Engineer: 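The following block contains the structure, expressed as structure tokens.
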Amino acid sequence: QVQLVESGGGLVQSGGSLRLSCTASGETVDYGSTGWFRQAPGKEREGISCISSSDGHTYYSDSVRGRFTISRDNAKRTVYLQMNSLKPEDTAVYFCATDVMYYCSDDELVPGDFKSWGQGTQVTVSS
């Protein structure tokens with residue numbers, strides 16, 4: 001079992017930045033992928049970014065490409081999401097998820113493809 005803990009959320013003004021962290025513990029492995037999802041009130045969970053553990057390949061949704069950057073520190077078992085130029089529409093609960101069988105390609109992220117999830121961290125962007 002893998003346990004994931006997100007941190008770094010908070011309240012920020014429009015145009016500001018935040019860095020989210022997703023730290024894994026338990027039975028972690030050096031393959032598979034880690035993804036970031038978000039869910040705003042009344043909306044479906046949206047996959048916004050992922051990174052492959054094997055080769056570092058990354059994916060970004062159209063809604064965040066150019067503003068968000070995903071990275072990883074294998075020694076710390078942590079995946080980061082640097083979020084710049086934040087907009088009010090980025091307000092949501094942000095979740096990280098991982099799956100040992102999933103390869104982060106250029107395909108749209110589907111929540112059902114990821115087995116292990118964190119509890120989420122709230123990001124609120126004020127206008």
Side-chain angles (χ1 to χ4, degrees):
Q1 280 286 61
V2 177
Q3 292 80 44
L4 301 175
V5 177
E6 302 98 335
S7 61
L11 173 64
V12 64
Q13 288 188 332
S14 181
S17 298
L18 284 174
R19 188 177 79 158
L20 304 183
S21 299
C22 172
T23 301
S25 62
E27 297 180 2
T28 59
V29 295
D30 293 332
Y31 48 87
S33 298
T34 299
W36 282 98
F37 294 77
R38 66 185 182 186
Q39 189 164 20
K43 294 188 176 182
E44 293 186 353
R45 191 164 296 191
E46 175 192 12
I48 58 174
S49 185
C50 68
I51 186 166
S52 168
S53 298
S54 60
D55 61 7
H57 184 82
T58 59
Y59 160 88
Y60 299 96
S61 66
D62 290 343
S63 59
V64 306
R65 187 178 296 113
R67 300 186 298 123
F68 292 10
T69 303
I70 192 170
S71 62
R72 62 183 183 180
D73 184 331
N74 289 340
K76 295 183 178 179
R77 297 182 175 181
T78 299
V79 172
Y80 303 98
L81 187 68
Q82 178 66 44
M83 306 187 296
N84 299 330
S85 302
L86 283 162
K87 307 173 183 180
E89 51 263 45
D90 292 318
T91 295
V93 178
Y94 283 69
F95 300 88
C96 66
T98 191
D99 195 278
V100 299
M101 299 300 294
Y102 186 80
Y103 176 73
C104 178
S105 63
D106 297 326
D107 295 335
E108 181 177 335
L109 295 179
V110 177
D113 287 336
F114 291 80
K115 180 178 180 180
S116 301
W117 289 80
Q119 81 290 346
T121 185
Q122 177 70 46
V123 171
T124 303
V125 184
S126 63
S127 57

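Fair warning: this is a prediction, and the values are worked out from it, not measured in the lab. Residue indices begin at 1 and follow the sequence shown.
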Engineer: Quick one: closest heavy-atom pair of Gly9 and Val123, and the distance?
Structural biologist: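 Taking every non-hydrogen atom into account, CA-CG2, 4.1 Å.
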Engineer: Run the side-chain contact (heavy atoms from CB on, under 4.5 Å) test on Gln82 and Ser71 for me, step by step, so that the C-alpha distance in whole Å, both residues' side-chain angles and the decisive distance to 0.1 Å come before the verdict.
Structural biologist: CA-CA 8 Å; Gln82 178 66 44; Ser71 62; over 6 Å; no
Engineer: Checking Asp106 against His57 for the side-chain contact (heavy atoms from CB on, under 4.5 Å) test, could you report, in this order, the C-alpha distance in whole Å, the side-chain angles of both residues, the deciding distance, and whether it holds?
Structural biologist: CA-CA 9 Å; Asp106 297 326; His57 184 82; 3.0 Å; yes
Engineer: Looking at Ile51 and Cys104, what are the two nearest heavy atoms and their distance?
Structural biologist: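 Heavy atoms of Ile51 and Cys104 come nearest at N-SG, 3.6 Å.
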Engineer: Measuring from Thr23:OG1 to Leu4:CG, what's the distance to the nearest 0.5 Å?
Structural biologist: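 Nearest 0.5 Å value for the OG1-CG distance: 9.0 Å.
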Engineer: When you look at Val79 and Cys96, which way does the side-chain contact (heavy atoms from CB on, under 4.5 Å) test go after all the steps?
Structural biologist: CA-CA 9 Å; Val79 172; Cys96 66; over 6 Å; no
Engineer: To the closest 0.5 Å, what do you measure between SG (Cys50) and OH (Tyr59)?
Structural biologist: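 Rounded to the nearest 0.5 Å, the SG-OH separation comes to 7.5 Å.
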Engineer: Drop me the distance from Gln39's CD to Glu44's CD, to the nearest 0.5 angstrom.
Structural biologist: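 Result: 8.5 Å between the selected atoms.
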Engineer: Please name the pair of heavy atoms, one in Gly47 and one in Ser61, separated by the smallest distance, quoted to 0.1 Å.
Structural biologist: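 For Gly47 and Ser61, the tightest heavy-atom pair comes out as O-CB, 3.6 Å.
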Engineer: Keeping the roles fixed (side chain from Glu6, backbone from Gln119), state whether a donor-acceptor pair exists under 3.5 Å.
Structural biologist: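 Pair found, side chain donor or acceptor close to backbone of Gln119.
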Engineer: Please tell me whether Leu20 and Ile70 are part of a single hydrophobic cluster in this structure, the criterion being side-chain heavy atoms less than 4.5 Å apart.
Structural biologist: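 Yes; tracing contacts between hydrophobic side chains, which count when under 4.5 Å, links both residues.
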Engineer: Would you say Tyr60's side chain and Arg67's backbone share a donor-acceptor pair under 3.5 angstrom?
Structural biologist: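 Side chain of Tyr60 to backbone of Arg67, a donor-acceptor pair under 3.5 Å: no, none is there.
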Engineer: How many angstroms lie between CG in Leu109 and CZ in Arg45, if you round to the nearest 0.5 Å?
Structural biologist: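 Result: 12.5 Å between the selected atoms.
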Engineer: Check whether any side-chain N or O of Ser21 sits under 3.5 Å from a backbone N or O of Tyr80 as a donor-acceptor pair, and report yes or no.
Structural biologist: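 Checked: no pair found.
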Engineer: Establish whether Val93 and Leu86 are linked, either directly or via other cluster members, by ILVMFWY side-chain heavy-atom contacts under 4.5 Å.
Structural biologist: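 Each belongs to a different hydrophobic cluster.
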Engineer: Of all heavy-atom pairs between Ile48 and Ser63, which one has the smallest distance, and what is that distance?
Structural biologist: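 Looking at all heavy atoms of both residues, the closest pair is CG2-OG, 4.3 Å.
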Engineer: Looking at Asp90 and Lys87, does any basic side-chain N land under 4.0 Å from a carboxylate oxygen?
Structural biologist: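 A salt bridge is absent here (no side-chain N lies under 4.0 Å from a carboxylate O).
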Engineer: Output the distance between atom CG (Leu81) and atom CZ (Arg19), rounded to the nearest 0.5 Å.
Structural biologist: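 That separation rounds to 10.5 Å.
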Engineer: Test of understanding: with ring-ring contact (aromatic ring centres under 6.0 Å, His included), list the residues that count as partners of Phe37, not counting sequence neighbours.
Structural biologist: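 For Phe37 the ring-ring contact (aromatic ring centres under 6.0 Å, His included) partners, ignoring immediate neighbours, are Phe114, Trp117.
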Engineer: Write down the atom of Asp107, the atom of Tyr102, and the distance for their closest heavy-atom approach.
Structural biologist: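 Here Asp107 and Tyr102 meet closest at O-OH, 4.2 Å.
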Engineer: Check Ser17 against Asn84 and note the closest heavy-atom contact, atom names and distance.
Structural biologist: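 Heavy atoms only, the tightest pair is OG-OD1, 2.9 Å.
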Engineer: Ignoring hydrogens and geometry, is there a side-chain-to-backbone donor-acceptor pair from Glu46 to Arg38 under 3.5 Å?
Structural biologist: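 Not confirmed, Glu46 side chain does not pair with Arg38 backbone.
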Engineer: Whether the Thr91 and Thr124 side chains hold a donor-acceptor pair (N or O, under 3.5 Å, no angle test) is what I'd like checked.
Structural biologist: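 There is no such pair (donor and acceptor under 3.5 Å, judged by atom type) between the side chains of Thr91 and Thr124.
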Engineer: Between the side chain of Thr98 and the main-chain N/O of Ser33, is any donor-acceptor distance below 3.5 Å?
Structural biologist: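 It does hold such a pair.
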Engineer: Checking Asp99 side chain against Lys115 main chain: does a donor-acceptor pair fall under 3.5 Å?
Structural biologist: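 Here the side-chain-to-backbone pair exists.
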